[in-house]
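If you're wondering where the values come from, they're calculated on a predicted model, not measured in any experiment. Order of the sequence lines sets the chain letters (A, B, ...), proteins ahead of strands, with each chain counted from 1.
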Amino acid sequence: MSELNQAQQAAAEAGNGPQLILAGAGSGKTRTIVHRIGHLIAARGVAPHRILAVTFTNKAAAELKSRLSQLIGDDGGGVVSGTFHSISLRMLRRYADALGFPRTFQVIDADDQKALVKRLLKQANIATDRLHPSYLLGWIEHCKHAGQTPESAPACHWNGTDVRALYATYQQQLREHERMDFSDLILNCVLLMREHPGVSEALRRRFDHVLVDEYQDTNPVQHEWLTLMCADHHNLTVVGDDDQSIYGWRGADVRHILDFERIWSGASVHRLEENYRSSGAILNLANAIIKKNEDRHDKCLRATREYGSLPQWNICNDEYDEARKITAELINWRSAGYAWHEMAVLYRSNRQSLALEQVLREAALPYRIVGGVGFFERLEIKDALAYWALLNRCGDTLQLLRICNKPKRGIGNKGEEQLAAQLAASGLRASDWLDLLAEGKATGAAGKLAPLAKLISSLRQDVDQIPDRGLMQLLQASGYLDSLQSMGELEAATRIDNIRTLQSYIELTMEQELTPVEFMDRAALLQSSEEMQQDNDDTITLMSLHRAKGLEFDCVVLPGVEEGLLPHQRSLDDGEAGIAEERRLLYVGITRARRQLKLTTARVRRLFGEMHYPQPSRFIRDLPADILQPDTPVMPQTTAIPAAGGVQIGSNVLHPSFGEGVILASEGTGDATRITVQFRKSGLKRLMLKYAALQIV
DNA sequence: GCGGACTCTCTTTTT
DNA sequence: GAGAGTCCGC
């Protein structure tokens, strides 16, 4: 406890009942949670397995456990930790039958989920221009985040279609496929507790203390989950920072943390406001940015470190110029003695990594991209896992259909339909149905699977003896690996490489004596391979701002601090709330940095083939000038155009027929002034200023 | 059923 | 500017 400051110690040693720990960025939040758990075990005699710690990522859960082991030894291992999703899945594995699901149900991933919705709309004869699949899915997700089932959701009609009825159909089809989506994991767990008193009691009695990290990002259904779990003892400790709430789009509601004291009567509040991470200059910038948000717990992070060097802000010509300036800065930092792995580039959208990657590769700097397409979402990994699951008797219909024609077995669309019908008629699980097919008596499309079925049943004989449980043998002998060759040599090699990574991960997991079903769970919840690798390499990290939450680096670059990107165009539709969340996102980015910080803005950015001419972010324009160190030209370029009252380069203008645009250049003087304007819809135009009838916006 | 060529759409963030 | 979806001839 001597490692803690007064506020941290008070939080760690607080008694029973609801506890709110408001922990500003870099204020030693994880340390405080770890010490609180340690205190519960060592000083208060709580059994480790009676403590539940909910974290935001699987990685954070692992981190928590390892720090706990350091603090109190092996006992730390007994604490149950995980994300809401992984803990819910564990509970559902045990009690799913109460909801009418077999215990071997699987989790459906985003791709398959989308495919299911598309198919469902097609079956219902609803054109995508009448009801867009992503709108339907978005609505369903919204309901699930709010804890609403098809029965309890509000009626919703869209262009004459009953959206709520489609929600019911979607749930029905998931059930037929014995699948749950991500949101179902939480919602179904809540339904268990709502509707099944026996199960509810067992779950309520499972833990004596519940601790939740990143509490500002909980949504209503997660809130209900916690309320139900802690209904008897109220021993709920939540840790979070309302200024870092960045998952509103996922249903997170800041009010859970803002109103905690009102929701949980008798709650104690602890404030951690001393920042141990960032230099004073970086913290000043962060505080100045976040101060402009309303509706927040008022607080001010106090610096404990030296003032340090001013954060920089650079304006770049385009995204490649930006990438080059960033690269130069990274090299600069390196020569100042920082290691590559202490540097990160954190962007708003994953697409921004493209130009950076190119330039970093040319400059031969070591980097790794975190995120993007997740490892387990890759086509070849999903195929390989489908084969493996079928072999190991936990594969389902979706997985059989997925691989039935890979490699080509002469089963097309019609054949696939036929196969699905035959399988449904058999009343068997896909994995078990293969036994029947192996006898070779099936006809039609199913008959074409006989060789595969025979191969699988012969491999099943001694699958327990093989470290990878038959993965490579099956992929080889079925011709799947060979079929990858048709994608070209290089492509195939990469994919086979990925499959080998999967193989070693399976082998590793099997050594820990996990069952195949448990392995599939892990694969479903681990969004990337990141958590299966050690990150010991000395590389620069590239990732999205969202993923960077909870991490810290000596040196941080935030590229694309522009209108349209940060705040993102899509967030503008949500008005003030959307802007506030974007501001918090920038705040999260800034507070990741310990020593060095650089923000960049591009004048031109190519987004999906089109040119964009963004203005510097409004967040930068908000700042006092002495808090950032701009490189040459200060602030947005304000070259006045002679004789044109108020019209300046960079001004946003409105033209009666061309619409909105930005002034890029001007030539000539007086009545002869010509300006070049980039219009959003109508492209680049040169206009006589005198006649253009431009309105400045 | 397959493969090639074509068109069209969709571009935020993730457990 | 890429990926998915569609059409068409074999």
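Of the residues A:Asp383, A:Asp396, A:Asp109, the one that meets the salt bridge (charged side-chain N to carboxylate O under 4.0 Å, His left out) test with A:Arg402 is A:Asp383. In summary, of the residues considered (A:Lys144, A:Arg179, A:His85), a side-chain hydrogen bond (donor to acceptor under 3.5 Å, both in side chains) with A:Asp184 occurs for A:Lys144 alone. Shown are A:Arg583, A:Arg584, A:Arg296; of these, the salt bridge (charged side-chain N to carboxylate O under 4.0 Å, His left out) with A:Asp243 is made only by A:Arg296.
For A:Ser544, a side-chain nitrogen or oxygen approaches OP1 or OP2 of B:dT14 to under 4.0 Å. For B:dT13, the OP1/OP2 oxygens have a side-chain nitrogen or oxygen of A:Asn350 closer than 4.0 Å. Checking the phosphate oxygens (OP1, OP2) of B:dT12, no side-chain nitrogen or oxygen of A:Arg348 falls inside 4.0 Å.
In this entry the distance linking CG of A:Leu572 with P of B:dT11 reads 16 Å, nearest Å. The CG-P distance, from A:Leu526 to B:dT15, rounds to 9 Å in whole Å.
Comparing A:Arg570 and A:Gly410 along DNA chain B, the residue whose closest nucleotide (by nearest heavy atom) sits nearer the 5' end is A:Gly410. The nearest heavy atom of DNA chain B to A:Glu581 and to A:His132 marks one nucleotide each, and the one closer to the 5' end goes with A:His132.
Under the stacking definition used here (centres under 5.5 Å, planes under 30°), the residue A:Phe56 fails to qualify as stacked on the base of B:dT15. Ring stacking holds between A:His568 and B:dT12, with the centres under 5.5 Å apart and the planes within 30 degrees of each other.
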